[in-house]
Amino acid sequence: MLDSFEILTTSGVVLWSKTYVPVGASLLNTFIRDVFIEDKTDRSGPNQSYRKDGQTFKWTTAKDLGLIFVAVYQSLLHISWIDKLLDNVRALFTELYKDQLSKPRTTKIDCPFDPYFERQIQDLEKTDATVAPSFRVTAPTDSAADLSAEDTAPSESERPLSRSFDISDPSRPASPAQHILTGKGGPRGSRRSRKAAAATINGLVQSSGDESSGKKKQALKGKKKRNWGADGYEDDGDDQQLDFSNPQEDGGSRANLEAVDSASWGTTTADGQFMLKDIGEEMNEILGAAQQKNADSKKATGVVGSSLGTIGGLFRNVVGGKTLTAADLDGPLKGMEDHLLKKNVAREAAVRLCETLQQDLVGTKTSNFTSIETTIRAAMDRALRKMLTPTTPLDLLHEIAATKGKRPYVISIVGVNGVGKSTNLSKICFFLLQNKLRVLIAAGDTFRSGAVEQLRVHVRNLQELTARQDAGAVDIYERGYGKDAAHIARDAVTYAASNNFDVVLIDTAGRRHNDSRLMSSLEKFAKLANPDKILMVGEALVGTDSVSQARNFDAAFGPGRRLDGFIISKCDTVGDMVGTLVSMVHATGIPVLFLGTGQHYNDLRVLRPETVVELLMRP
Ligand SMILES: Nc1nc2c(ncn2[C@@H]2O[C@H](COP(=O)(O)OP(=O)(O)OP(=O)(O)O)[C@@H](O)[C@H]2O)c(=O)[nH]1
């Protein structure tokens, strides 16, 4: 089915490839030139596609390592698991060879990767029939990655089953191909987004943070003359008519919307509240399967087993009725510490957790027939559960209900660049819409080019997705680029109050947590917008940086104001290595409110401490 799979560096070196049917070298070169050098396609989503001469190229990237993963197959075929293959291969390859890959300018990898890859193909082919489509959060730009008219028309088998509309007349169905060919992809917003995405993929720019002045100029180009307030920020008054989601400006991209089965991500209570599912069983399945595959692949190539194997060995010796000494615990606790590190828990958190355990356990007696292993596991289990369970219950819907009718409830989303702020903000909005709330999304990222358009697309998708449901309503508050985000946020709240919105969701610009200039503006933001909740998005795969990210954001809002919760995004990409959330909670004592589990609007869950602990303790 697949013609070939290539793993290349962003500088064009092929690190590994698998060829089933040779793909002409010139075709590959054309793909690389068009997509990565001349930037002729949309690359804003995770796994993008490009078609040429009857072949489809689908790819994804590992931005931090400068890698591109490309699957090539006949355009006539519809391979439903291709995205999954790309994601799994990226996860496996980057994990297995991370040491080699993290060396600068890696051009050669010692990687017996074939068995892993073959195993993935086999597994995915087997599960093919069981994969059900759901609603995908679309890239915020032109949906056309393809270049030529004949290539853009999807084959019959690929055409989405769901509806899609011509922007100019929402009542008239139009095929995605027609949408592309009529050039509804507005030039300005989409082009900007493409540029931003291109820069990131090439590893040139980490999105907004420290943008070059040229890029800023591009973002600000065409703006009218601005007035500056006494505080040095722009003050453009309140007299401007807001342009709510002008479809011509943002690339006009429409999602191929498929209705979301609400049972897939939550339940409606007797009093009509829509409650999110927790990550319980379902997450277990997702993560368990990923982990199982990982383990199978390791077995297949003889790669050594898990860290808990080592712990197990150390633990098994002592059984029952023993008063524990520090010496008894040293070895097993070291094993536990290593295990937590392998699950992506930051060293600081792993060490502290084990130290606390040691203090608690020295001098206690193991129960009859209970090994030190069981004793330590039970103690760690309890410690983690306690840590992950919020001290005060966090019921967002309840809090919103308390302010409803009096004032809008304000939630702002912060975090470093590219972690999934806008995506998860949109997912939260979708959740609030299920609860029939009126939501105003404030486009507070006035810095990264394309950010406003990205939100517009999300808003339009959400409007369309909920149009035929008994749901709430959503609109956008935007004031373009270059303006002070704190003022925009404050004005959005005022606007929401006078227009009966129940909730304001404020997007903010991504910023490095150690960029003191950008971080310092958060204090003013918190003061002016005065959010009820400030939520920080952290990536599940961020690793050791998570602790300083969490601490720096927590400290950025000025005296007496802290973060209120975390959203841990991309949980679907880490298997059972869910340690990041433990590190973030451990460093700050701030609870996790939501988990992002994919790239669909319904991929939002609440955290269930038991499940996380189970995943962490799993060998
Ligand atoms: N697999 C997966 N991908 C996600 C998840 N959440 C977000 N993403 C992807 O992460 C990428 C970045 O998401 P954005 O929402 O644009 O991130 P952002 O933080 O707003 O980005 P900046 O505005 O550049 O700082 C997109 O490709 C999203 O589809 C998730 O839970 N799982």
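No experiment lies behind these values; they were computed from the predicted model shown. Just follow the structure's listing: the first ligand is 1, and inside any ligand the first atom is 1.
Checked by distance only, ligand 1 and Cys571 stay at 3.5 Å or farther apart across all their nitrogen or oxygen atoms. Of the polar atoms of Gln599, at least one N or O is found under 3.5 Å from an N or O of ligand 1, judged by distance alone.
Below 4.0 Å from some heavy atom of Thr597 lie the following atoms of ligand 1, by number and element: 31 (O). Annotation for ligand 1: atoms under 4.0 Å from non-hydrogen atoms of Asn424 are 6 (N). Close approach of ligand 1 to Asp445 (heavy-atom distance below 4.0 Å) involves ligand atoms 23 (O). Atom numbering of ligand 1 starts at 1 in the shown order; those under 4.0 Å from a heavy atom of Asp572 are 1 (N), 2 (C), 30 (C), 31 (O), 32 (N).
Here Asp87 has no heavy atoms under 4.0 Å from ligand 1, in either its backbone or its side chain. Residue contacts with ligand 1 for His600 are absent, since no atom lies close enough (heavy atoms, distance under 4.0 Å).
Distances from atom 16 (O) of ligand 1 to the heavy atoms of Lys570, His458, Glu539, Gln454 show the closest one on Gln454.
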Report the C-alpha separation of Phe5 and Phe117 in whole Å, then their side-chain angles, then the decisive distance to 0.1 Å, and conclude whether the ring pair (Phe, Tyr, Trp, His ring centres under 6.0 Å) test is met. CA-CA 10 Å; Phe5 197 104; Phe117 185 81; 5.0 Å; yes
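With Phe594 as the partner, the side-chain contact (heavy atoms from CB on, under 4.5 Å) test is satisfied by one option alone out of Leu607, Val537, Asn424, Leu396: Leu396.
Distances shorter than 4.0 angstrom do not occur between any heavy atom of Gly415 and any atom of ligand 1.
Under the 4.0 Å criterion applied to side-chain N and carboxylate O atoms, Lys421 and Asp445 are not assigned as salt-bridge partners.
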